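Report on one structure; see the data block that follows.
The basis for the numbers below is simple: all heavy atoms, side chains too, and nothing from hydrogens, waters or symmetry mates. Chain letters run A, B, ... following the sequence lines, proteins first and then strands; every chain starts at 1. On a predicted model such as this, the values are computed, not experimentally measured, just so you know.
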Amino acid sequence: MDYDPQAIEARWRERWAEAGTYESDPPREADVGEDEDEDESGDDVDSDEVTGANAGDGREKTFVTVPYPYPNGGMHVGHARTYTVPDVYARYRRLQGDNVLFPLAWHITGTPIIGAVERLNSGEEEQLSILRDTYGVPENTLQELETPMGFARYFIEEHYKRNLQALGLSIDWRREFTTNDERYSKFVTWQYETLHDRGLLEKGLNPVNYCTNERQPVTTHDLLEGEEAEFQDYTLVEFGWKGEGSTGSDGGDDEDDRNDGDSEGGEPEADEVIVPMATLRPETVRGVTNAYVDPGAEYVLADVNGERWFVAATAAEKLALQQRDVSVIEEVSGERLVGERVENPVTGEDVLVLPATFVDAGNATGVVMSVPAHSPDDWIALAEAKADAERMERYGIDTAEVKEIEPRAIIDVEGFGEFPAKNAVEERNIDSSNDPRLVEATQDVYNREFHTGVLSAEYGEYAGEVVEDVREELREAYRERGAFDAMYEFTEEVVCRCGGAVEVSIQETWFLRYNDEAWMEKTREAVADMEAIPENTREQYYHTIDWLEEWPCIRNYGLGTELPWDPEFIIEPLSDSTIYMAYYTIAHRLDEIPPEELDRDFFDALFYGPEAVSDPDERALALREEWNYWYPVDFRCSATDLIPNHLMFFLYHHAELFDSTDWPGGITGMGMGLLEGSAMSSSKGHVVLPSDAIERYGADTVRFFLLNSSEPWQDFDWRAERVGDTRRQLERFWNRAEELIDGDASDAEATDGGEAVGVGGERLELDHTDRWLLSKLQTTIAEATRAMDDFQTRAASQATFFRFEEHLRWYRRRTDLDRPAARWTLRTVLEARLELLAPFVPFLTNELHERLTGRPAEDAGWPTVDPDLRDDRLELEERLVSRLTDDVRDIVEVTGTDPETVRVYVAADWKQRVFEQVVAAGPDPDVGSVMGAVMDNPDLRERGNEVNELVTSLVDVVRGRESDREAMTAVDECGTYERASDFLSREFDAAVEVYPEEDAVDPADRAESAQPLRPAIHIE
RNA sequence: GCGAGGGUGGCCGAGCCAGGUCAAAGGCGGCGGGCUUAAGACCCGCUCACGUAGGUGUUCAUGCGUUCGAAUCGCAUCCCUCGCACCA
């Protein structure tokens, strides 16, 4: 029968569903003792790190989870791997005899689904295209997707669940839920009330994207333009402007160069107006020589938190969004400030405000300070202002005063002269503010000054410090003195999908205190205790703990759980998904309990035991047993790029809320998926749907490709051609297996009843090739087991599938396959390989295994190494035969002859004795001491030089070889080659003669070059 | 820029942590041969260079270094990927 995955897979899916094969429960009393387990606990096989205690039936438990899918769109083949990795592990542990729980639920919290629905409802083309073309939603079902739950439900049922079931994932579906379920919310409520009580939540201010049209915060997903925009934290330097009538002259008097602290900042005088100048380089405040304002733009005089400010009209609105009371007193044009003098709050100096069209009134405050020594822009602008007397006069500015403005250097930078801006401009021959290279010059100066610039003497306590090291400190210090303020601004224009402008708003919010020292320490312990796979990710966990600040954990809108003490807010999606694995253990038994009874006490009793509350709910205590049995999570399979957030939160919350015995056992990070070499993208339609792939190749092929083409943490690349190759490989495997299974039936009669064969079986004589193959099987089992324990799906499947195929090729060449013993061997090997491959290709292996033995592979158990079948000597002997074959072939090829006779000479006895001495000298023999020992023997001493050469050469052979050193001296070379002579004759179509060196037919004098493990050869 | 990880033969990818059996697994592709009416499938061999005896030479991003010995250890340089938050 041809390999027909669709038919096979459908059958098994049905069987699993009907029997509830993957619905796992803690053992009931009745189960205890009645298990017929088959493992004699392999002592040679890596022992499984046993996780939590388990009552009952003698089985270990394994609890494996994966981040629940977020159904804001369909499922593609990249997702398929994410969920298949834990499935493979789950199946492996089940074969090892564990009681395994692999649950799944649906994450629908937050705004992505709501956003997707809104885009659909507003008829957005791109969204329609994604739904219709990429994910194949039928036209007439689109309306089902018009509500968030309808949308989620559709993709859960029609995409995720259907595909995951088609892939044969061994999920306990009784436990599924969504994060919007009432009972789940009760669980999250318990979690946040507990954290709140423990003081790990804190109220504070936080910048957010705010749509000025919808008058509410929006997420990155809601943006039409400016998704890349970042918050920029501007420093506002509060220059003072004394009355509107001030002229330049009266400012000149009190100019002083003492520029120390006593005249600094402080409270503005009653008639003073604050002109806040926005800058990203607060440390340049002592280099300010003048300021600029756009004379043609709209500005306002406004009351800001009780002070009078002069800012751009737009800035007044922004400031109002950033926690300030703003009321506009008067609308004025920028020209009002032109020609005025304003006082630097740090130096106390008065500087002149010049008109400039390059000032963007729409950015920050719309007024900027000028630091020509350190800003190429300002350098050029000042030069241009000096040159443009006419314009200055037009604004009533005394050109002499402008000419007097001199750059002031306040930062020393290596590689630049006194005025870095000047150097940067002159190096590039820039002489106009329109020169595009000005951007690069500015970048250059800014970067170098930041990293290597040293503040000059007038900076007092900061003098001599590198900018990078003290900028923040300096900024804070001046802020405290009232000289500085701050405001946020985007790096670029940001527009909401509704069309409204988005601005930075500062809102009150609740933070999780991930920088709490005690909490950090517990989390570090959790990291130290767990397995990090691959191990080289561990560093990143520690690092993230140090780096994480407070995390704002609530949102103003979206799906999810309300903040218990302030229901206006919703707990944010990453924050409501940190310990939900605990919820899996009880999810399927919560239906009986009304949500309102799932209160604080209920969960306290459940998670902390009967002593934790005064009147524990019996039902909670019953559920506690489920939780106790399954927890902790043994492995969480997630993605490496989630380490800085989700995985870290997962660890933090476990570390805080549960005892260390319930902390995660391990985390495996998964890599990303590519499609034909480039990133998948649902909006571009550059995805492959699992349903299509399964239909075309079969689920086993999809699984095998995903798990065998790279290790889980590496990126994989779905290439249709490669997937096709994988399908062909499985097909070949299937055909071979089937031949063997069918053939066996007829053989059975020929060999009277079959059945009775066994290693000790009377009629069955296993020859050395059979035993060799069985020995190889043991090595493979050990290798696969080790790999599976480390989640190395690729290494495991490579070993059992491809590399073992190599051994089989050799075996087929070497042996007479018509022998009953050969068929028995092949059958035995097939049986074991089906079990080893069962986690990867469960459909195919179960089917074949059942046909072969009467029961599915998944019921058979994971093979264990049989030490009696390991035979290093046999493996070494086969290697010698194989090398001899290669050597003869090489000689034939190089000489271009077609030999009639191949003579093989085995090294003389005395050489063998030398070899034994060399081997006896240990894994790192040195020539000198071996020679000493050898020369004690008078027979050998006679051979002098010859022995010396031999030892030198043999030392090389032996060095570093550990595992098979005993075998090396134990092999019977003559016997080995004689047994192989028929094989060699067939290979070369020539007569093969084997001689000991001492007693050889040796027409070409070659015998003497024979060495132990390296026979001499002569062909003619 | 900062943090983490990485650069292996035509491609994908083992090996590196625990230096010697490494010209370097396996897969794919390519070439030659077998089987077949033929194609496919399947089987065998070759696939860094040179070589009429199993060999020799030069390779594991680049350059130094440690060592009897380095793809494997150290340093420096160049390049790539991921993350840099309030978002799943």
Task: Cation over ring face, Arg524(A) and Tyr542(A), 6.0 Å, 45° - done: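 Arg524(A) over Tyr542(A) ring: no.
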Open item on the list: Taking the cut-offs as 6.0 angstrom to the six-membered ring centre and 45 degrees off its axis, would you call Arg814(A) and Phe983(A) a cation-pi pair?
Closed with: yes
Which nucleotide, if any, forms a Watson-Crick or G-U wobble pair with [N], using both distances under 3.5 Å?
N	answer
rA25(B)	none
rC50(B)	rG55(B)
rG69(B)	none
rC17(B)	none
rC31(B)	rG45(B)
rG3(B)	rC82(B)
rA61(B)	rU77(B)
rU36(B)	none

Open item on the list: Which label fits Phe804(A) and His807(A): parallel for a plane angle under 30°, tilted from 30 to 60°, or perpendicular past 60°?
Closed with: perpendicular
Looking only at atom [atom1], what distance separates [N] and [M], rounded to whole Å?
N	M	atom1	result
rC2(B)	rG15(B)	P	31 Å
rC79(B)	rU62(B)	C1'	10 Å
rG10(B)	rA49(B)	P	10 Å
rG32(B)	rG19(B)	P	44 Å

What's [X] touching, base or sugar-phosphate or nothing? Going by heavy atoms closer than 4.0 Å.
X	result
Glu893(A)	sugar-phosphate
Glu721(A)	nothing
Glu987(A)	nothing
Arg732(A)	sugar-phosphate
Arg1006(A)	base
Arg555(A)	sugar-phosphate

Any side-chain N or O of [X] less than 4.0 Å from the OP1 or OP2 oxygen of [N]?
X	N	value
Arg889(A)	rC44(B)	no
Gln792(A)	rA14(B)	no
Arg736(A)	rC43(B)	yes
Arg448(A)	rG1(B)	no
Gln714(A)	rA14(B)	yes
Arg809(A)	rC44(B)	yes

Lys/Arg-Asp/Glu bridge criterion (N-O < 4.0 Å) met for [X], [Y]:
X	Y	answer
Glu987(A)	Arg889(A)	yes
Arg728(A)	Asp725(A)	yes
Glu805(A)	Arg809(A)	no
Glu535(A)	Arg538(A)	yes
Glu877(A)	Arg873(A)	yes
Arg794(A)	Glu711(A)	no

- [ ] Identify, between Leu548(A) and Asp887(A), the residue whose nearest nucleotide on RNA chain B lies closer to the 5' end.
- [x] Asp887(A)
Task: Along RNA chain B (nearest heavy atom to each residue), the more 5'-positioned of Met672(A) and Leu642(A) - done: Met672(A)
Task: RNA chain B contacts made by residues 1011-1020 of chain A, counting heavy atoms under 4.0 Å - done: Arg1014(A), Pro1015(A), Ala1016(A), Ile1017(A), His1018(A), Ile1019(A)
- [ ] Would you confirm whether Tyr3(A), through its side chain, and Asn735(A), through its main-chain N or O, come within 3.5 Å as a donor-acceptor pair?
- [x] no
Look for any protein N or O under 3.5 Å of an N or O in nucleotides 6-11 of chain B and output each such pair with its distance, or none.
from	atom 1	to	atom 2	distance (Å)
rG6(B)	OP1	Asn536(A)	ND2	3.3

Open item on the list: Nearest 0.5 angstrom please: Asp576(A) CG to Thr109(A) OG1, how far?
Closed with: 3.5 Å
Task: Base rG54(B) to side chain Asp890(A), donor-acceptor N/O within 3.5 Å cut-off - done: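 Such a pair does not exist between side chain and base.
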TODO: Quickly work out the Asp576(A) CG to rC87(B) P distance and round it to whole Å.
DONE: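 After rounding, the reported distance stands at 14 Å.
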Open item on the list: Please pick, from rG27(B), rC46(B), rU52(B), the nucleotide with the shortest atom-to-atom distance to any side-chain atom of Val894(A).
Closed with: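 In terms of side-chain proximity for Val894(A), the closest of rG27(B), rC46(B), rU52(B) is rU52(B).
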